[in-house]
A.B. asks: 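Can you read through this structure? Questions will come right after.
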Amino acid sequence: MKDQLQHLLTKCIQDLISKGTLNEMPSKIRIDHTKDNSHGDYATNIALMLSSQAKMSPLELAQIIIDQLEHRSFLKKVEIAGPGFINFFISQESSISIINEIIDQASSYGKSDIGQGKKVLLEYVSANPTGPLHVGHGRGAAYGATVSNLLRNAGFIVDNEYYVNDAGRQMDILTVSIFLRYLSFCGEKLRFPDNGYQGQYINDIAQVIYDTSGKEFHLKSDLIFKNVCKDGAEGGDKEKHIDQLIEKAKSKLGGGFKAVFKVGIESILSGIKNDLAEFGVVFEKWFSEQSLIDNGLSESCISKLKNSKNLYEKDGALWFKTTNYGDEKDRVVVRDNGNHTYFASDIAYHLDKLERGYDKIINVWGADHHGYIPRVKASIEALGHSSNKLEVLLVQFANLYRGGSKVQMSTRSGSFVTLEDLRAEVGNDAARFFYILRKSEQHMDFDLDLAKSKTNENPVYYIQYAHARICSVFRQAVEKEIELNVDQANLSLLIEQTEKDILRELSRFKSVLESSAIQYEPHQLAYYLRDLSTHFHSYYNACKFIVDDKSLTLARLSLISATQQVLKNGLSILGVGAPESM
RNA sequence: GCGCUCGUAGCUCAGCUGGAUAGAGUGUCGGCCUCCGAAGCCGAAUGUCGGGUGUUCGAAUCACCUCGAGCGCACCA
């Protein structure tokens with residue numbers, strides 16, 4: 001319907017240009033769903049936009065546009081309002097046709113091809129595999145998965161990817177943490193380093209190693225701790241302390257160090273995978289950072305940068321002149337100790353992504369990484385690609401509150417609430433919905449007590465209830481041996497205000513989906529579904545659906561069936577269930 | 001200090017590519033179940049859109065300034 005209006009208006013403006021009333025086509029002709037139904041169904045501000053160009057008042061121009069507009073049967077009335085808006089009133093015959101359209105297309109209603117099959121790589125979560133996912137990661141997971149659904153629904157081809165940071169110092173710290181806990185199981189007395197990972201899950205992994213391998217990796221703790229400098233809490237340097245422990249463990253354990261690491265990371269990763277899968281978040285690819293080092297891609301990237309004269313040496317380290325590409329300062333890619341930085345791997349990773357042939361690469365990052373964007377874009381440019389292909393979506397942290405005070409989230413100290421705990425307490429549906437309800441760049445206050453105790457505060461139940469209620473009505477209909485057949489329904493009987501309101505709302509669904517997808521804003525869909533539910537609940541209270549008049553009954557059942565379908569399709573994109581009863 | 005994000009009703013937030021009287025949930029107050037599910041509906045009250053200046057026929061929306069909050073400015077990842 002909106003498309004038809006768009007066509008009609010475009011042609012109208014073209015005609016006026018050829019008549020000489022107007023000079024040029026505006027960049028966009030806006031047609032909006034009206035907020036207020038006294039303004040009709042759709043409105044355009046085109047006369048206001050073009051009045052200066054036409055050198056006449058908006059009201060005059062609006063009248064000329066209306067006169068030029070071809071008459072179409074779907075338009076009941078066209079009028080000028082306010083300062084020069086043109087309001088379109090759609091005929092009833094046309095507005096009820098959406099019911100048939102929805103019921104015919106069923107679960108595919110709402111799909112579009114605005115993506116034209118363009119290939120998108122969507123990377124999100126990518127939390128360091130140093131422990132279980134916590135509620136902070138949940139927001140990125142829910143957001144990324146929903147954006148993925150929205151894009152797919154809009155005709156994009158989307159691959160979801162998780163970048164696994166399985167290389168570097170963090171992994172060594174993880175390994176040594178597990179190893180020291182393991183030594184405790186072997187009966188060694190030792191002081192656990194301040195900088196080690198302290199969570200219970202570390203003990204669990206150590207326990208598994210002890211249970212399966214016995215004392216295979218057992219070393220006297222003296223052997224590890226001898227000559228190691230003092231830890232932070234003992235008045236020493238906690239960073240040096242743990243680095244020396246790592247070195248000792250590596251040299252004394254030999255291949256055993258890698259074996260412990262392998263058990264550790266596999267255990268943590270499989271935990272993360274399960275957690276996400278249960279949350280309805282599925283990745284096509286888990287991309288290993290270590291693989292970039294193993295297959296030499298990281299190294300070859302550095303050579304490429306060297307050849308393009310973008311690298312220089314300073315203080316024994318190798319620097320990338322990212323300032324050439326708009327970054328605020330240059331960045332180290334190879335440290336003075338010869339190790340590649342995280343950034344070096346990331347350059348290789350992004351190059352790899354680009355060379356896999358995607359039209360668009362989207363990274364969902366925590367907002368604390370915003371300063372990192374310029375240097376990644378710099379590396380893309382330096383390697384001869386267009387940085388426009390990369391889009392970074394920032395997701396703000398969720399601040400957690402418990403008992404009115406902020407909860408500190410630290411994987412290192414183990415003081416965090418896991419995503420798994422949250423899901424267990426509030427359920428997947430409520431968690432998925434709650435996470436995407438706020439605009440991603442909005443700071444979010446997540447009150448755990450509220451989320452856990454008064455889950456009805458979450459509007460997801462309101463929407464699900466609307467769906468369940470409709471299902472319940474249909475159960476009643478079956479009992480009364482009424483079978484819904486839209487072809488037999490006389491939809492022109494739908495004349496109540498609440499019915500018109502629902503029809504208006506249903507007609508918005510497609511544009512909401514389109515807008516949510518293009519702007520990467522799932523919350524738009526969430527708000528829409530709540531509004532649709534509100535109209536349904538009002539309708540439910542205002543009118544009885546199953547009445548003596550058979551054809552009215554069929555008409556009303558058709559309308560709520562279409563509503564049910566849209567609720568279901570919308571919820572499915574949000575990764576939320578549409579229960580038949582609750 | 002520089003940069004990014006944000007500041008809208010008591011609270012949590014929509015609205016921001018300029019448009020018609022600034023919205024919702026929650027909370028407060030008052031109504032609605034012998035009738036398809038009351039996890040619901042109907043009604044009332046509540047705002048200097050942080051503050052200021054500018055651009056415009058028109059600003060919560062754009063520009064500049066200012067105040068306040070969060071985050072970032074590593075040879076960490």
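By convention in this document, chain letters (A, B, ...) are assigned in the order of the sequence lines, proteins followed by strands, and residues within each chain are numbered from 1. The figures that follow rest on heavy atoms only: side chains count, while hydrogens, waters and symmetry mates do not.
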A.B. asks: Please determine, for B:G40, whether a Watson-Crick or G-U wobble partner exists with both distances under 3.5 Å, and give it or none.
C.D. replies: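 When the pairing criteria are applied, B:C32 turns out to be the nucleotide that pairs with B:G40.
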A.B. asks: Taking the side chain as C-beta and beyond, is there a heavy-atom pair between A:Asn165 and A:Gln170 under 4.5 Å?
C.D. replies: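 A:Asn165 vs A:Gln170: side chains apart.
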A.B. asks: So which heavy atom on A:Tyr124 is nearest to which on A:Val364, and how close?
C.D. replies: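 A:Tyr124 and A:Val364 have their closest heavy atoms at CB-CB, 3.6 Å.
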A.B. asks: Could you tell me whether B:C33 is syn or anti, where syn means a glycosidic angle within 90 degrees of zero?
C.D. replies: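 Nucleotide B:C33 adopts syn.
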A.B. asks: Between B:G27 and B:A44, how far apart are the two C1' atoms, rounded to whole Å?
C.D. replies: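 That atom pair is separated by 14 Å.
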A.B. asks: Are A:Tyr349 and A:Glu123 side-chain neighbours, meaning at least one heavy-atom pair lies under 4.5 Å?
C.D. replies: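 SC-SC contact between A:Tyr349 and A:Glu123 confirmed.
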A.B. asks: Reckon A:Tyr372 touches a base, only the sugar-phosphate, or nothing at all at heavy-atom distances under 4.0 Å?
C.D. replies: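 Touches a base.
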A.B. asks: Which base, if any, makes a Watson-Crick or G-U wobble pair with B:A74, both distances under 3.5 Å?
C.D. replies: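 By the stated definition (distances under 3.5 Å), nothing pairs with B:A74.
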A.B. asks: Using a heavy-atom cut-off of 4.0 Å across all strands, would you classify A:Gln464 as base, sugar-phosphate, or nothing?
C.D. replies: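 Nothing: the residue A:Gln464, judged by heavy atoms under 4.0 Å, touches no strand.
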A.B. asks: Under 4.0 angstrom, heavy atoms only, what part of the nucleic acid is A:Cys543 near: base, sugar-phosphate, or nothing?
C.D. replies: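 Touches a base.
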A.B. asks: With a 3.5 Å cut-off and heavy atoms only, can you find an N or O donor on one side and an acceptor on the other between the side chain of A:Asn87 and the base of B:A20?
C.D. replies: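 Side chain to base: pair found, below 3.5 Å.
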A.B. asks: Tell me the partner of B:A59, counting only Watson-Crick (N1-N3 plus N6-O4 or O6-N4) or G-U wobble (N1-O2 and O6-N3) with both under 3.5 Å; none if nothing fits.
C.D. replies: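 Across any shown strand, B:A59 pairs with none.
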A.B. asks: If you measure from the P atom in B:U12 to the same atom in B:G50, how many Å do you get, rounded?
C.D. replies: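 B:U12 and B:G50 have their P atoms separated by 15 Å.
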A.B. asks: How close or far is atom P of B:G40 from atom CD1 of A:Ile560, stated in whole angstroms?
C.D. replies: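 So the CD1-P distance, A:Ile560 to B:G40, works out to 18 Å.
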A.B. asks: A:Asp327 has an atom CG; how far is it from atom P of B:G72, in whole Å?
C.D. replies: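 The distance from CG of A:Asp327 to P of B:G72 comes to 17 Å, rounded to the nearest Å.
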A.B. asks: Which nucleotide, if any, forms a Watson-Crick or G-U wobble pair with B:G47, using both distances under 3.5 Å?
C.D. replies: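 Its partner is none (no Watson-Crick or G-U wobble pair with both distances under 3.5 Å).
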A.B. asks: Spell out yes or no: do the side chain of A:His369 and the base of B:G72 have one donor N/O and one acceptor N/O closer than 3.5 Å?
C.D. replies: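 Per atom types, no contact qualifies.
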A.B. asks: Taking the same atom, C1', in B:C41 and in B:C57, what whole-Å distance lies between them?
C.D. replies: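 Rounded to whole Å, the distance is 43 Å.
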A.B. asks: With rounding to whole Å, what would you report as the distance between B:A59 and B:U48 at their C1' atoms?
C.D. replies: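 Approximately 15 Å lies between the C1' atom of B:A59 and that of B:U48.
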A.B. asks: Using a 4.0 Å heavy-atom cut-off across all strands, classify A:Asn45 as base, sugar-phosphate, or nothing.
C.D. replies: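 Base, at least one base atom sits under 4.0 Å.
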A.B. asks: With a distance cut-off below 6.0 Å to the six-membered ring centre and an angular limit of 45° from the axis, does A:Arg469 pair with A:Tyr540 as a cation-pi contact?
C.D. replies: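 Yes, A:Arg469 and A:Tyr540 form such a contact.
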A.B. asks: Within this structure, what is the OH-to-P distance between A:Tyr462 and B:U26, rounded to whole angstrom?
C.D. replies: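 Taking OH of A:Tyr462 and P of B:U26, I get 8 Å after rounding.
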A.B. asks: Please measure how far the C1' atom in B:G72 lies from the corresponding atom in B:A9, and state the result in whole Å.
C.D. replies: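 Nearest-Å result for B:G72 against B:A9 at atom C1': 33 Å.
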A.B. asks: For A:Ser538, answer base if it contacts any base atom (sugar-phosphate contacts may also be present), sugar-phosphate if it contacts only those atoms, and nothing otherwise; contact means non-hydrogen atoms under 4.0 Å.
C.D. replies: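 Here A:Ser538 touches the backbone only, sparing every base.
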A.B. asks: Reckon A:Lys439 has a side-chain N or O less than 4.0 Å from the OP1 or OP2 of B:C16?
C.D. replies: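 Checking A:Lys439 against B:C16: no side-chain N or O falls below 4.0 Å of OP1 or OP2.
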A.B. asks: Contact class for A:Phe474 (heavy atom, under 4.0 Å): base, sugar-phosphate, or nothing?
C.D. replies: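 Here A:Phe474 touches no strand at all.
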A.B. asks: With C1' as the reference atom in both, quote the distance from B:C49 to B:C16 in angstrom, rounded to an integer.
C.D. replies: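 Looking at atom C1' only, B:C49 and B:C16 are 11 Å apart.
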A.B. asks: When the P atoms of B:C11 and B:G54 are compared, how many Å lie between them, rounded to an integer?
C.D. replies: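 So the two P atoms sit 31 Å from each other.
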A.B. asks: By the 4.0 Å heavy-atom rule, please label A:His523 as base, sugar-phosphate, or nothing.
C.D. replies: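 Sugar-phosphate: the residue A:His523, judged by heavy atoms under 4.0 Å, touches backbone atoms but no base.
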A.B. asks: Among A:Glu391, A:His369, A:His350, A:Glu161, find the one that has a side chain to side chain donor-acceptor pair (under 3.5 Å) with A:Asn363.
C.D. replies: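 Among the candidates, only A:His350 passes.
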A.B. asks: Categorize A:Asp346 for me: base, sugar-phosphate, or nothing, with a 4.0 angstrom heavy-atom threshold over every strand shown.
C.D. replies: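 It contacts nothing in the nucleic acid.
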A.B. asks: Under 3.5 Å, is there a donor-acceptor pair between the side chain of A:Glu499 and the main chain of A:Glu496?
C.D. replies: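 Yes, because the side chain of A:Glu499 sits within donor-acceptor range (under 3.5 Å) of the backbone of A:Glu496.
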A.B. asks: Describe the nucleic acid contact of A:Gln442 in one word from base, sugar-phosphate, nothing, applying a heavy-atom distance below 4.0 Å.
C.D. replies: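 Sugar-phosphate contact only.
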A.B. asks: Want to settle it: does A:Pro83 or A:Asp368 sit nearer the 5' end of RNA chain B, counting the closest nucleotide to each?
C.D. replies: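 On the 5' side of the pair lies A:Pro83.
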A.B. asks: Taking the same atom, P, in B:G25 and in B:G43, what whole-Å distance lies between them?
C.D. replies: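 Each nucleotide's P atom is 11 Å from the other's.
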A.B. asks: Nearest whole angstrom, please: distance from the P of B:C57 to the CE of A:Met56.
C.D. replies: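 The answer, rounded to whole Å, is 18 Å.
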A.B. asks: With sugar-phosphate meaning primed atoms plus P, OP1 and OP2, does A:Ser581 contact a base, only sugar-phosphate, or nothing at under 4.0 Å between heavy atoms?
C.D. replies: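 Base, at least one base atom sits under 4.0 Å.
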A.B. asks: Specify the separation, in whole Å, of atom OH of A:Tyr461 and atom P of B:G40.
C.D. replies: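 It is 12 Å, rounded to the nearest whole Å.
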A.B. asks: Determine which nucleotide pairs with B:C6, using a 3.5 Å limit on both distances of a Watson-Crick or G-U wobble pair.
C.D. replies: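 Base-paired to B:G68.
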A.B. asks: Across the strands shown, which category fits A:Asn128 at heavy-atom distances under 4.0 angstrom: base, sugar-phosphate, nothing?
C.D. replies: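 Contact class for A:Asn128: sugar-phosphate only.
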A.B. asks: If you take atom types as modelled and just measure distance, does the side chain of A:His537 reach the base of B:C41 with a donor-acceptor pair under 3.5 Å?
C.D. replies: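 A donor-acceptor contact between them is absent.
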A.B. asks: Would you say A:Gln476 places a side-chain N or O within less than 4.0 Å of OP1 or OP2 belonging to B:G37?
C.D. replies: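 Looking at the OP1 and OP2 atoms of B:G37, one of them is under 4.0 Å from a side-chain N or O of A:Gln476.
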A.B. asks: Would you call A:Arg375 and A:Asp346 a salt bridge, taking side-chain N to carboxylate O under 4.0 Å as the test?
C.D. replies: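 Here A:Arg375 does not pair with A:Asp346 in a salt bridge, since their nearest N and O are not under 4.0 Å apart.
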A.B. asks: State, yes or no, whether a side-chain contact exists between A:Tyr143 and A:Leu393 at a heavy-atom distance under 4.5 Å.
C.D. replies: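 Result yes, sub-4.5 Å side-chain heavy-atom pair found.
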A.B. asks: Using a cut-off of 4.0 Å on non-hydrogen atoms, how would the nucleic acid contact of A:Phe545 be classed: base, sugar-phosphate, or nothing?
C.D. replies: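 A:Phe545: base contact, heavy atoms under 4.0 Å.
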A.B. asks: Answer with base, sugar-phosphate or nothing: what part of the nucleic acid does A:Arg331 contact at a heavy-atom distance below 4.0 Å?
C.D. replies: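 No contact at all - A:Arg331 keeps every heavy atom at 4.0 Å or more from the nucleic acid.
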A.B. asks: Provide, to the nearest angstrom, the distance between the OH atom belonging to A:Tyr527 and the P atom belonging to B:C13.
C.D. replies: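 Answer to the nearest Å: 9 Å.
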A.B. asks: A side-chain contact here means heavy atoms from C-beta on lying under 4.5 Å apart; do A:Leu557 and A:Phe474 qualify?
C.D. replies: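 In short, these two side chains touch, coming nearer than 4.5 Å.
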A.B. asks: What's A:Ala477 touching, base or sugar-phosphate or nothing? Going by heavy atoms closer than 4.0 Å.
C.D. replies: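 Touches nothing.
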A.B. asks: Grab the CZ-C1' distance between A:Arg469 and B:C41 for me, whole Å please.
C.D. replies: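 To the nearest whole Å, that distance equals 8 Å.
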